[in-house]
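Letters A, B, ... mirror the listed sequences (proteins, then strands); counts begin at 1.
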Amino acid sequence: MDLRLKINGSSSRCVILTSVDEKPAIEIDVPDDSFVQLIKKTGGPNIQNCFQCGTCSGSCPAGARTNYLVRGIIRKALLGLKQQCISATELWYCTTCYTCTDRCPQDVKPTDVIKAIRNVAVAEGYMLVPHQKTAQKVLEAGHAVPLDKESWQDLREKVGVERVPPNASRYAEAIEEIKKIAKKTGFDKLVEDKAEK
Amino acid sequence: MAKKSFYHFLGCIIPHRYPSVEKAAKLVFNDLGISLLDMDGATCCPAPGVFGSFDRVTWATIAARNLTIAEAGGHPITTGCNGCFASLWDANHELKHDDELRDKVNENLAEIDREFKGTIEVWHYVDALYQIAGLEKIREKVTRPFTGVRMALHPGCHWMRPKILKQKDDSERPHIFRELCETSGAEYVPYKDELICCGAGGAVRTADVKIALEFTKQKFDSLIAAGGADMIVTPCPFCELQLDAGQVEIQKYFEQEYKFDILHVVELLALAFGHEPDEFGLATHLQYMQRKSEPAWENLGIKVGEH
């Protein structure tokens, strides 16, 4: 199984929303709540406050242009449909603007719920390749956007500041510390290149 | 009164892509008698919507490592980036209130002989300027008022949201950022989509730049529908990158040309305080570098005859 999600370059709305395939009824008398419990522990403690009013999706600038539907994802999570939640590409269209969080009448903190579900997705190997590369940059350079070209240093000189700023770009020991942290938390393994299957 | 000092958290985008913001911040804070101290060995904050989405504990640990640098020196942190502010402020807040997370983070930090103590606060430039310097003192420093210049705002998200947590401004009707920008003498131009996200955050720009640019384009179109503006001011370098270099990308992806001058609030204030654009390199914004263009000096009311 290829665990990495792919977003097609040109059209991001290609994901089929409805189909002629027969959809089985979600017959769940007692939902498996292990996913909900995991989300609550991973940073979305208020997920069970949700009563599905849809204020989140109605406020969502990402939902206005993609198939990202906060309310739907939360409902799926509450039904215990873990695999559907964590494998969905649209999970990654939230810009974390927190508009839904500021408007939610139930204090669900939907942004935090989405971030928690993303944590679960990543832990289970669902991570976009560009995200993986960004994470790797922090482990290599101490910065997600590194001072990786001479021309960036020239730009700094041009505005009248030192060519290399006093951050991890100057101090190699800072990068070493980040590497040690990543090793301790297992983050290095989480974001390393996986063998193509 | 002792001079107020902040550790200056640079992050990634300001020092590595928009160094003009770094220089402008130094000019403005110096003019206002506030010291900015180097924060040696600080790393990526790390990006809240990116690393916070990947692994919360790793995110909090790396953010906490940055916080320990300031704790050791005993001064608060200030940053001019909404993302850096979100990571450092949120992590600081969460670690002060969530013992379980704090224990995990400190266990990780022990590997590098550090410990999060929770002894300092994190300030956005906007809050430091608004609360520590104060609008009155800022107005006194304005020697080049932007009279007649039409200014649109992009406050961005993370310096004021989530509002229940940040507790400083009404995120549906914010006034702090506007009041700060209005000290420049520019005329505030409201537009419908002023408060929507620039589109870059939450790892969306990295995942799908075209979708991220759709947000930006919506903002530009909304501003044009409101009659347009001579500049757009933001308190965040990632928003600045998205709005500034984003115009070049929009042209590529959507074949539509926008020409807005985008200023970080400290760049606006540096100019208003009488500094010349060359003193901090306003013309080095990526939009100008890539288009081989320059700011619309006349619209901004700046004479640059000596260039």
Query raised in the report: Hey, does the side chain of A:Asn119 reach the backbone of B:Arg56 with a donor-acceptor pair shorter than 3.5 angstrom?
Result: yes
Query raised in the report: Looking at side-chain heavy atoms only, is the closest gap between B:Glu100 and A:Lys41 below 4.5 Å?
Result: no
Report task. For the pair A:Lys180 and B:Glu111, find out whether any cationic side-chain nitrogen is under 4.0 Å from an anionic carboxylate oxygen. Result -> no
Requested in this report: Identify which of A:Ala62, A:Ala123, A:Ala182 forms the greatest number of heavy-atom pairs closer than 4.5 Å to chain B.
Outcome: A:Ala62
Report task. Could you look at A:Glu162 and say if it's the side chain, the backbone, both or neither that has a heavy atom under 4.5 Å from chain B? Result -> side chain
Requested in this report: Check each atom of A:Thr101 against the heavy atoms of chain B and say whether the ones under 4.5 Å are side chain, backbone, both or neither.
Outcome: side chain
**Report entry** Salt-bridge contact B:Arg161-A:Asp102 (side-chain N to carboxylate O under 4.0 Å)
**Finding:** yes
Requested in this report: Side chain from CB out, backbone as N, CA, C, O: work out which of these in B:Leu241 comes under 4.5 Å of a heavy atom of chain A, or both, or neither.
Outcome: neither
Query raised in the report: Side-chain contact, heavy-atom cut-off 4.5 Å: B:His16 with A:Ser169?
Result: yes
**Report entry** Top of B:Gly201, B:Ser171, B:Gly281, B:Cys157 for chain A proximity - count of heavy-atom pairs under 4.5 angstrom
**Finding:** B:Gly201
Query raised in the report: Are B:Thr43 and A:Asn167 close enough that some pair of their side-chain heavy atoms sits under 4.5 Å apart?
Result: no
Requested in this report: Decide if atom CD of B:Glu172 counts as having more than 12 heavy atoms of other residues, nucleotides or ligands within a radius under 6.0 Å.
Outcome: yes
Query - Interface moiety of B:Pro46 toward chain A, non-hydrogen atoms closer than 4.5 Å - result: neither
**Report entry** Contacting moiety of B:Gln218, where chain A heavy atoms sit under 4.5 Å
**Finding:** side chain
Query raised in the report: Hey, are A:Asp107 and B:Lys163 close enough for a salt bridge, meaning a charged N less than 4.0 Å from a carboxylate O?
Result: no
Query raised in the report: Which heavy atom in B:Gly202 sits nearest to a heavy atom in A:Arg118, and how many Å separate them?
Result: O-NH1, 3.0 Å
Query raised in the report: Relative to chain A, which of B:Phe280, B:Tyr18, B:Phe54 shows the most heavy atom pairs under 4.5 Å?
Result: B:Phe54
Query raised in the report: Salt bridge or not for B:Arg114 and A:Glu177, using N-O below 4.0 Å?
Result: yes
Report task. Answer yes or no: is there a donor N or O on one side and an acceptor on the other, between the side chain of B:His158 and the main chain of A:Thr96, under 3.5 Å? Result -> yes
Requested in this report: Mind checking side-chain hydrogen bond (donor to acceptor under 3.5 Å, both in side chains) for B:Gln290 and listing every partner two or more places apart, or none if nothing turns up?
Outcome: none
Report summary line: Ranked by heavy-atom pairs below 4.5 Å to chain A, first place among B:Glu107, B:Glu94, B:His8, B:Arg205 goes to B:Glu107
Report summary line: So, the part of B:Lys26 with a heavy atom under 4.5 Å from chain A: the answer is side chain
**Report entry** Contacting region of B:Ala203 [heavy-atom separation from chain A under 4.5 Å]
**Finding:** both
